[in-house]
Amino acid sequence: MRIAIIGAGAIGGVFAWYLAPHCDLVIVDQWADHVAALNRDGLHCERDGVTKARRVRAVSDPALAFPAQLALVLVKAHQTTWAAEACAAALAPDGLAYTLQNGLGNHEVLAAELGATRVGQGVTTLGGTLLGPGRVRHAGMGATTLSLTPNSAQANALADLLNQAGLPTSITGDLDTLIWGKLIVNVGINAITALLRVRNGVLAENSAARSLLGAVVTEAVGVAAAQGITLPYTDTVAHVLQVARATAANQSSMLQDRLRGAPTEIATINGAIVALGAKLGIPTPYNATLVALITALETSQGEGG
Ligand SMILES: NC(=O)C1=CN([C@@H]2O[C@H](COP(=O)(O)OP(=O)(O)OC[C@H]3O[C@@H](n4cnc5c(N)ncnc54)[C@H](OP(=O)(O)O)[C@@H]3O)[C@@H](O)[C@H]2O)C=CC1
Ligand SMILES: CC(C)(CO)C(=O)C(=O)O
């Protein structure tokens, strides 16, 4: 089976490293130095202090990945429009794209380009860090869950392949619970750690940060409830704090973006809560404030910010 990894940053790189010996894998990435290093030296993955390299094929032109049966979309949200076009060029006419990105709205961008019957969705709790061109760190093994839709046979084939490659994967028919379960963790942790410039564990230890996290998460729970979405845990704030403790030493992905001056995924995380809240008539002032602060930081670069 030919699989295209669209975006081999931190998490795309980890998926690529595990999948490489198990399928005909092609990495599609816009970062020319990364593509060159991958083709020249292989993909280096560090785990628990040990680094191993695997041979991979990487391309900048998505048409060179054609005809892929499956594309795993693992770019940051601001690159999803590019990823949708890359999928259209890389996929065989009956090929499917699966997005495992965080946040809301990426599925819709892909579906607008490919058609909803060619886009699946999932979440992953794997942890990854991009170390440099051709180099990633696998920061933690986690579960990946894929939607049964739009094609159960393809979903099962992909899950089998990922399990065979050593990445624990299951399938769900309840996509909303899956997506919102992960979204609310990111809503509670990412923007606050990025603003405070702290690792995740601080949110559980510091009482002021903890109560801010509680307020932000409670708004998101209200937005989920208003849509009839069942969350996968009963005490949502306690769950998010537990994730902050479990990933205490991590720099959240939004903090990492801020530290390297890259665009964040604020619009598809806290911004999605604000947009849906406005549509449903639910006030979300804490989330709106986080969106405004992160947006101000992003747009003040070069202005003494
Ligand atoms: N990292 C994680 O542990 C997890 C991430 N996710 C989600 O997966 C998706 C992808 O995230 P992630 O893999 O973290 O993204 P990364 O920030 O690691 O990489 C995304 C892209 O950023 C560009 N890039 C990164 N570093 C550099 C650099 N130093 N110089 C130039 N370009 C650079 C590359 O884009 P380009 O090719 O355009 O240059 C790269 O493909 C997101 O939706 C994220 O929320 C989900 C679960 C866990
Ligand atoms: C779970 C968490 C918060 C881990 O850092 C994450 O998904 C992220 O940083 O985006």
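Indexing begins at 1, ligand by ligand and atom by atom, following the structure's order. The basis for the numbers below is simple: all heavy atoms, side chains too, and nothing from hydrogens, waters or symmetry mates.
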Test your reading of the model: is there a side-chain donor-acceptor pair from [X] to the backbone of [Y], 3.5 Å cut-off?
X	Y	result
His34	Gly134	yes
Gln121	Ser147	no
Asn250	Ser252	no

Between Ser252 and ligand 2, is there a nitrogen or oxygen pair with a distance under 3.5 Å?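 In this structure, Ser252 places no N or O atom under 3.5 Å from an N or O of ligand 2.
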Test of proximity, Gln251 against ligand 2: N or O pairs below 3.5 Å: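 No: no nitrogen or oxygen of Gln251 is under 3.5 Å from one in ligand 2.
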Would you mind listing which atoms of ligand 2 come within a distance below 4.0 Å of any non-hydrogen atom of Asn102? 7 (O), 10 (O)
Can you confirm whether the side chains of Thr169 and Thr144 place a donor and an acceptor under 3.5 Å from each other? no
If we only count heavy atoms from C-beta on, is the Leu25 to Arg57 side-chain gap below 4.5 Å? no
Contact between Lys182 and ligand 2, counting heavy atoms under 4.0 Å?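 Yes, Lys182 has heavy atoms under 4.0 Å from ligand 2.
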Mind jotting down which protein residues get a heavy-atom contact under 4.0 Å with ligand 1? Chain and number order, please. Gly9, Ala10, Ile11, Asp29, Gln30, Trp31, Leu74, Val75, Lys76, Gln79, Gln101, Asn102, Thr124, Leu126, Gly127, Gly128, Leu130, Lys182, Arg260, Glu265
Minimum heavy-atom distance Ile5-Gly12, with the two atoms named: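 That closest heavy-atom pairing would be CG2-O, 3.7 Å.
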So, for Thr247 and Asn200, which heavy atoms are closest and what is the spacing to 0.1 Å? OG1-ND2, 2.9 Å
Going by the rule side chain to side chain contact (heavy atoms under 4.5 Å, CB included), which residues pair with Ala139 if we only count those two or more places apart in sequence or in a different chain?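 Thr129.
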Tell me the protein heavy atom at minimum distance from [atom], and give that distance in Å.
atom	answer
atom 3 (C) of ligand 2	Asn190 OD1, 3.5 Å
atom 5 (O) of ligand 2	Asn200 ND2, 3.0 Å
atom 9 (O) of ligand 2	Ser253 N, 2.8 Å

Would you mind finding which of Asn186, Thr125, Thr247 brings a heavy atom closest to atom 7 (O) of ligand 2?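 Result: the heavy atom closest to atom 7 (O) of ligand 2 is in Asn186.
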Under the side-chain hydrogen bond (donor to acceptor under 3.5 Å, both in side chains) test, residues paired with Asp176 that sit two or more places apart: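 Asp176 satisfies side-chain hydrogen bond (donor to acceptor under 3.5 Å, both in side chains) with no other residue.
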Name all pairs fulfilling the ring pair (Phe, Tyr, Trp, His ring centres under 6.0 Å) condition that reach into residues 1-21, sequence neighbours left out, sorted by first residue then second.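 Sorted result for residues 1-21: Tyr18-His138.
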